[in-house]
> 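What follows is a single structure, and I will ask about it in a moment.
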Amino acid sequence: MAQPTIDHRGPEFAALGREVLEGVRAVFKTSGPVVIFPSSGTGAWEAALINTLSPGDKVLAFEIGEFSRLWTEMARRLGLDVDVVLTDWTRGVDPVVLESKLIEDTGKTIRAVMVVHNETSTGSTSQIAAIRRAIDRTGHPALLLVDAVSSLGSIDLRHDEWGIDVTVTGSQKGLMLPPGLGFNAVSEKALAASRDSKFAKSYWAWETMLGPNKTGFFPYTPATNLLYGLREALKMMEEEGRENAFRRHARLAAATRAAVKAWGLEILCRCPEEYSNVLTTIMLPEGHDADAFRKLVLDRFNMSLGAGLGRLKGRAFRIGHLGDFNELMLGGTLCGVEMGLKLAGVPFSPGGVDAAMETLTSRE
């Protein structure tokens, strides 16, 4: 990314734009358009909603963690009628519950279903293919909007095959970039819905983007240097191979969970089929402040652990194991956690690092 910022109206930029716009489609596993905004994932959330819906439309959402809660709150602030299924945050979206909600909607008033693929606050992964099958069994016409901010590139996601209408992501997780790019992968059904959308939109308008994108350009100033980085990230992903990357993430996640179980601590996600290969959320025992523990680890070892978010604040910490990450990096992370647990006086059983190493070597 440390290159001169070229003229974003010139032929050199057009070549860059065409390359990344085409290359990113393979990561989403789509033949359709992918819109790239200079934004965070939150901006990509808003783009997904206001391009496909109109004020007052009814949407079905599932609060399975803090980020799904925030997306729901955004929908409410935009003036959508949000039907929220509340959960205890220990698993992903239940396809059975989703199916029953759509069956109850005999008038077909629900215009869209909002699902977070990988809930970054809790470490649970929803089964999108099963969710698509549940929607199809009902014959309901609702759009399927999926947040893949922390999953794309790290966990298998198939936009076309799974019948996703809008897949939302950001640059700072599996794509291995700094924050600053937001993405919408868009189905034909979503494009059709956008033509009937009544939300006022300018910056987030797909139609405004898609015209210039055909020749590699953008309707306003793009994040040129992040696009340099995206081009390199796509090359790195191609070199490793997507399936190899998914296996690497699964291997590192299994080792992390082995360490947590050996320590005798609780993994928040209680459904093994929904364990996240992106991150693991760990509960501390009652009476122990997770934020104080995180501060101790940061002060002593210069290592930043993820905070407990929302209702998990002070109760949990998170270990990320995604993106440009390998076995030795994970080993150092787990050593820091184990030393921190001892220094913080948290009751635990030593040996988590050994359990992780055993998992990593036995899976080769």
Side-chain angles (χ1 to χ4, degrees), residues 1-52 147-154 157 159-160 164 166-188 190-191 194-195 197 199-242 245 322-324:
M1 295 184 295
Q3 301 181 55
T5 305
I6 58 176
D7 174 16
H8 62 273
R9 303 294 182 212
E12 186 180 354
F13 181 90
L16 169 66
R18 288 193 299 269
E19 183 177 354
V20 296
L21 286 163
E22 177 62 30
V24 79
R25 292 161 67 185
V27 182
F28 284 92
K29 296 186 178 177
T30 183
S31 60
V34 176
V35 178
I36 305 176
F37 294 104
S39 80
S40 66
T42 305
W45 274 354
E46 182 163 327
L49 294 173
I50 67 171
N51 278 284
T52 57
D147 169 334
V149 170
S150 64
S151 62
L152 189 79
S154 303
L157 182 138
H159 178 87
D160 287 0
I164 304 172
V166 186
T167 302
V168 173
T169 200
S171 54
Q172 71 274 21
K173 297 291 197 305
L175 294 176
M176 304 176 286
L177 296 167
L181 295 179
F183 302 78
N184 283 173
V186 183
S187 74
E188 283 296 326
L191 282 175
S194 72
R195 290 189 278 272
S197 168
F199 272 114
K201 60 188 85 59
S202 175
Y203 187 86
W204 305 116
W206 290 342
E207 184 179 4
T208 305
M209 270 284 193
L210 292 174
N213 281 177
K214 291 177 182 177
T215 52
F217 293 112
F218 291 74
Y220 43 71
T221 306
T224 302
N225 292 66
L226 282 172
L227 296 178
Y228 291 150
L230 177 59
R231 176 170 59 187
E232 184 63 26
L234 293 172
K235 290 177 182 177
M236 291 169 65
M237 297 169 81
E238 186 68 26
E239 288 166 1
E240 180 177 13
R242 294 181 191 89
L322 78 157
D324 186 13

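This one's a predicted model, so the numbers in the text were calculated from it and none came from an experiment.
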> Give the minimum heavy-atom separation between Leu157 and Ala148, together with the two atoms involved.
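Looking at all heavy atoms of both residues, the closest pair is CD1-CB, 3.6 Å.
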> Can you name the closest pair of heavy atoms from Ala47 and Asn184 and give their distance?
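Answer, listing the atom of Ala47 first, then Asn184: CB-OD1, 3.2 Å.
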> Got Trp204 and Leu49 here, is their nearest side-chain heavy-atom distance under 4.5 Å?
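Result no, sub-4.5 Å side-chain heavy-atom pair not found.
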> Where do Val168 and Ala44 come nearest, in terms of heavy atoms and distance?
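So the two residues come closest at CG1-CB, 3.4 Å.
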> Does any part of the side chain of Phe37, heavy atoms only, come nearer than 4.5 Å to the side chain of Met209, both counted from C-beta?
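Yes, their side chains come closer than 4.5 Å.
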> Using a 4.5 Å cut-off on heavy atoms from C-beta on, say whether the side chain of Asp7 contacts that of Phe13.
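No, their side chains stay 4.5 Å or more apart.
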> Does the side chain of Val27 come within less than 4.5 Å of Val34's, by heavy atoms?
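No, their side chains stay 4.5 Å or more apart.
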> Is any side-chain heavy atom of Ser40 closer than 4.5 Å to one of Gln172?
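They are not in side-chain contact.
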> Could you tell me which non-hydrogen atom of Ile36 sits nearest to which non-hydrogen atom of Phe218, and how far apart they are?
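Looking at all heavy atoms of both residues, the closest pair is O-CE2, 3.4 Å.
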> Is the shortest heavy-atom distance from the side chain of Ile164 to the side chain of Phe28 under 4.5 Å?
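Side chain of Ile164 against side chain of Phe28, heavy atoms only: no contact under 4.5 Å found.
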> Where does the angle between the aromatic ring planes of Tyr220 and Tyr203 fall among parallel (under 30°), tilted (30 to 60°) and perpendicular (over 60°)?
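Parallel.
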> Test your reading of the model: is there a side-chain donor-acceptor pair from Asp160 to the backbone of Ser31, 3.5 Å cut-off?
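At least one qualifying donor-acceptor pair exists.
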> Does Ala2 offer a backbone N or O that forms a donor-acceptor pair with the side chain of Asn225 under 3.5 Å?
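Judged by distance alone, no pair lies under 3.5 Å.
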> Using a 4.5 Å cut-off on heavy atoms from C-beta on, say whether the side chain of Pro222 contacts that of Phe217.
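The answer is no; the side chains never approach within 4.5 Å.
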> Show the nearest heavy-atom pair for residues Gly170 and Leu175, with the distance to one decimal.
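Residues Gly170 and Leu175, closest heavy atoms: O-CD1, 3.9 Å.
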> Identify the two heavy atoms, one from Ala223 and one from Leu181, that lie closest to each other, and give their separation to 0.1 Å.
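Taking Ala223 first and Leu181 second, the nearest heavy atoms are CB-CD2, 3.9 Å.
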> Side-chain contact, heavy-atom cut-off 4.5 Å: Glu46 with Ser39?
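When only atoms from C-beta onward are counted, Ser39 and Glu46 do not touch, as no gap falls below 4.5 Å.
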